[in-house]
Q: 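Just dropping this structure here.
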Amino acid sequence: MRSIQLSLNQTQKLRLQKALEQLESLSSKANSNASVTVADTIPVNYEDGVLKGHGTAELDGEVVATVCGVVERVNKLVYVRTLRARYKPETGDIIVGRVIEVAPKRWRLEINFSQDAVLMLSSMNLPDGIQRRRTALDELNMRSIFEENDVVCAEVRGFQHDGSLHLQARSQKYGKLERGQLLSVPPYLVKRRKQHLHHLEQYGIDLIIGCNGFIWVGEHVEPKDDTVEDRVTKFEKQQNSKSQSSMSLEEQEQTYTPPEIRQNICRTANVVRVLSTLGFNVTVDVIMETVKLSSSMNVDIHEMLGAEFCVLVAEREAERRSLLSKKR
């Protein structure tokens with residue numbers, strides 16, 4: 001288990017240590033046959049032929065592990081999948097990034113990767129909603145879509161020749177994210193699943209768990225597919241307005257987030273921070289259970305990052321995993 005830095009008293013230390021030991025014993029039982037450390041021998045069948053992959057090496061006629069992780073086998077290929085590693089993008093990953101530069105015909109995004117990602121103007125839906133070729137006018141109006149420091153949700157389309165990522169955001173579920181919090185967790189705590197965009201109806205918020213370790217918690221926004229006429233009228237209203245700073249009451253109501261929604265956003269965000277501190281996998285099921293735990297015990301939002309709640313979460317996770325192991 002990772003070292004946890006919390007200001008704990010003696011009782012809390014004993015409770016947390018007991019819960020972490022129980023979790024470690026459960027995980028070791030599940031991966032006892034496949035988990036290896038550095039210099040451990042990996043059993044292979046040389047008669048069928050062996051292809052040594054990442055995290056393996058040959059020493060004195062035996063295949064040994066060069067990293068800590070889990071042994072994976074694909075036909076003749078044998079490699080070690082590290083449990084803690086940097087984000088390794090794959091095509092189709094849902095990621096959350098922040099715009100750091102508006103370049104000609106493209107945006108550059110920081111996505112917690114060794115290189116910046118590129119979102120081309122041609123990989124975006126135009127504001128007018130028409131499928132057509134991009135013009136010089138579209139390039140001049142790029143800042144009306146995204147500008148620096150905007151948070152964007154997109155999908156990994158592929159890799160470029162220099163190793164950087166190529167993103168696309170052609171769906172209504174992708175695009176600019178507003179009225180929420182952007183959180184960062186270690187990427188190895190996020191596992192790839194079929195669904196990474198979640199709408200928590202009972203709390204009125206959206207939860208986007210990016211494969212790159214960036215997590216967005218914000219107010220729920222219905223994807224709008226406006227017609228061309230609606231967009232033209234909106235543009236004409238903006239042009240006819242005397243001052244851009246003055247907003248009408250209707251526009252203020254649209255951008256106003258109710259206090260209950262704000263509290264739900266802060267509570268969910270603190271749950272993600274607690275799970276990251278404890279080193280637990282960040283999934284929507286664990287997040288929902290932890291949010292319900294904090295609500296049922298009447299834990300204030302500002303107290304959720306304290307030592308007592310972290311110990312409670314660790315104990316509840318140990319109970320949950322023990323129950324799952326008994327059912328199996």
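We number each residue from 1, following the sequence as shown.
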Q: Does Asp116 reach the side chain of Glu110, with side-chain heavy atoms less than 4.5 Å apart?
A: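 Yes - at least one pair of side-chain heavy atoms lies under 4.5 Å apart.
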Q: I'd like to check Glu289 versus Leu293 (side-chain heavy atoms, cut-off strictly below 4.5 Å). Are they in contact?
A: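 No, every pair of side-chain atoms sits at 4.5 Å or beyond.
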Q: Between Arg15 and Glu315, is there a donor-acceptor pair closer than 3.5 Å when you use the side chain of the first and the backbone of the second?
A: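 Pair absent, no side-chain N/O of Arg15 close to backbone of Glu315.
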Q: Within the structure provided, determine whether Glu139 and Pro104 are in side-chain contact (heavy-atom separation under 4.5 Å).
A: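 In contact.
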Q: Would Met304 end up clustered with Leu8 when hydrophobic side chains under 4.5 Å apart are linked, directly or stepwise?
A: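 In one cluster with Met304: Leu8, yes.
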Q: Of all the heavy-atom pairs spanning Ile111 and Gly97, show the shortest one and how long it is.
A: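 In this case the closest contact between Ile111 and Gly97 is CG2-CA, 4.1 Å.
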Q: Is His196 reaching over with its side chain to a backbone N or O of Ile209, donor-acceptor style, under 3.5 angstrom?
A: yes
Q: Between the side chain of Ser164 and the main-chain N/O of Gln160, is any donor-acceptor distance below 3.5 Å?
A: no
Q: Does any non-hydrogen side-chain atom of Glu147 lie less than 4.5 Å from one of Asn149?
A: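 They are not in contact (no side-chain heavy atoms under 4.5 Å apart), so the answer is no.
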Q: Which pair of non-hydrogen atoms, one from Arg321 and one from Phe280, has the smallest distance, and what is that distance?
A: NH2-CD2, 4.2 Å
Q: Membership question, hydrophobic clusters at under 4.5 Å side-chain separation (ILVMFWY): are Leu119 and Val102 in the same one?
A: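 Yes; tracing contacts between hydrophobic side chains, which count when under 4.5 Å, links both residues.
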Q: Please determine which of Leu177, Ile208, Leu109, Val99 meets the side chain to side chain contact (heavy atoms under 4.5 Å, CB included) test together with Val151.
A: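 For Val151, the side chain to side chain contact (heavy atoms under 4.5 Å, CB included) test succeeds with only one of Leu177, Ile208, Leu109, Val99, which is Leu177.
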Q: Flag the pair Met288 / Gln202 as yes when at least one side-chain heavy-atom distance between them is below 4.5 Å, and no otherwise.
A: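 Yes, their side chains come closer than 4.5 Å.
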Q: Do Arg157 and Ser123 meet the criterion of a side-chain donor-acceptor pair at a distance under 3.5 Å?
A: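 Side-chain D/A pair, Arg157 to Ser123: present.
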Q: Indicate yes or no: at least one non-hydrogen side-chain atom of Ile205 is less than 4.5 angstrom from one of Ile261.
A: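 Result yes, sub-4.5 Å side-chain heavy-atom pair found.
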Q: Looking at Arg170, is its backbone amide N or carbonyl O close enough to the side chain of Gln168 to form a donor-acceptor pair, meaning the two atoms are under 3.5 Å apart?
A: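 At least one qualifying donor-acceptor pair exists.
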Q: If you draw a 6.0 Å radius around CZ in Arg98, do more than 12 non-hydrogen atoms from other residues or ligands fall strictly inside?
A: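 Yes, enclosed.
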Q: Specify the closest pair of heavy atoms between Val80 and Val36, including all atoms of both residues, with the distance to one decimal.
A: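 Of all heavy-atom pairs spanning Val80 and Val36, the closest is CG1-CG2, 4.0 Å.
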Q: Residues two or more places apart in sequence or in another chain: which of them pass side chain to side chain contact (heavy atoms under 4.5 Å, CB included) with Glu260?
A: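 Applying side chain to side chain contact (heavy atoms under 4.5 Å, CB included) to Glu260 gives none.
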Q: Is it true that a side-chain atom of Asn9 and a backbone atom of Thr11 form a donor plus acceptor pair closer than 3.5 Å?
A: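 At least one qualifying donor-acceptor pair exists.
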Q: What is the minimum heavy-atom distance between Asn112 and Tyr87, and which atoms define it?
A: O-CB, 4.0 Å
Q: side-chain hydrogen bond (donor to acceptor under 3.5 Å, both in side chains) between Arg273 and Asn270: does it pass, once the steps are laid out?
A: CA-CA 5 Å; Arg273 294 186 179 99; Asn270 282 347; 2.9 Å; yes
Q: For Thr268, which of Val291, Ile301, Ile215 qualifies under side chain to side chain contact (heavy atoms under 4.5 Å, CB included)?
A: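 For Thr268, the side chain to side chain contact (heavy atoms under 4.5 Å, CB included) test succeeds with only one of Val291, Ile301, Ile215, which is Val291.
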Q: Nearest 0.5 Å please: distance from the CD atom of Gln181 over to the CH2 atom of Trp216.
A: 8.5 Å
Q: Ignoring hydrogens and geometry, is there a side-chain-to-backbone donor-acceptor pair from Ser276 to Val272 under 3.5 Å?
A: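 Not at all, since once roles are kept as given, no pair shorter than 3.5 Å links the two residues.
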Q: Compare all side-chain heavy atoms of Val96 with those of Val152 and state whether any distance is below 4.5 angstrom.
A: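 Not in contact.
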Q: Check Phe309 against Glu303 and note the closest heavy-atom contact, atom names and distance.
A: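 So the two residues come closest at CB-O, 4.1 Å.
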Q: Would you call Arg143-Glu148 a salt bridge at under 4.0 Å N-O?
A: yes
Q: Measure across Arg73 and Pro43 and return the closest heavy-atom pair with its distance rounded to 0.1 Å.
A: NH2-O, 2.7 Å
Q: State, with a plain yes or no, whether a side-chain heavy atom of Asn212 is found less than 4.5 Å away from one of Pro89.
A: no
Q: Side chains of Arg193 and Thr283: is there a donor and an acceptor less than 3.5 Å apart?
A: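 No, Thr283 and Arg193 have no side-chain donor paired with an acceptor closer than 3.5 Å.
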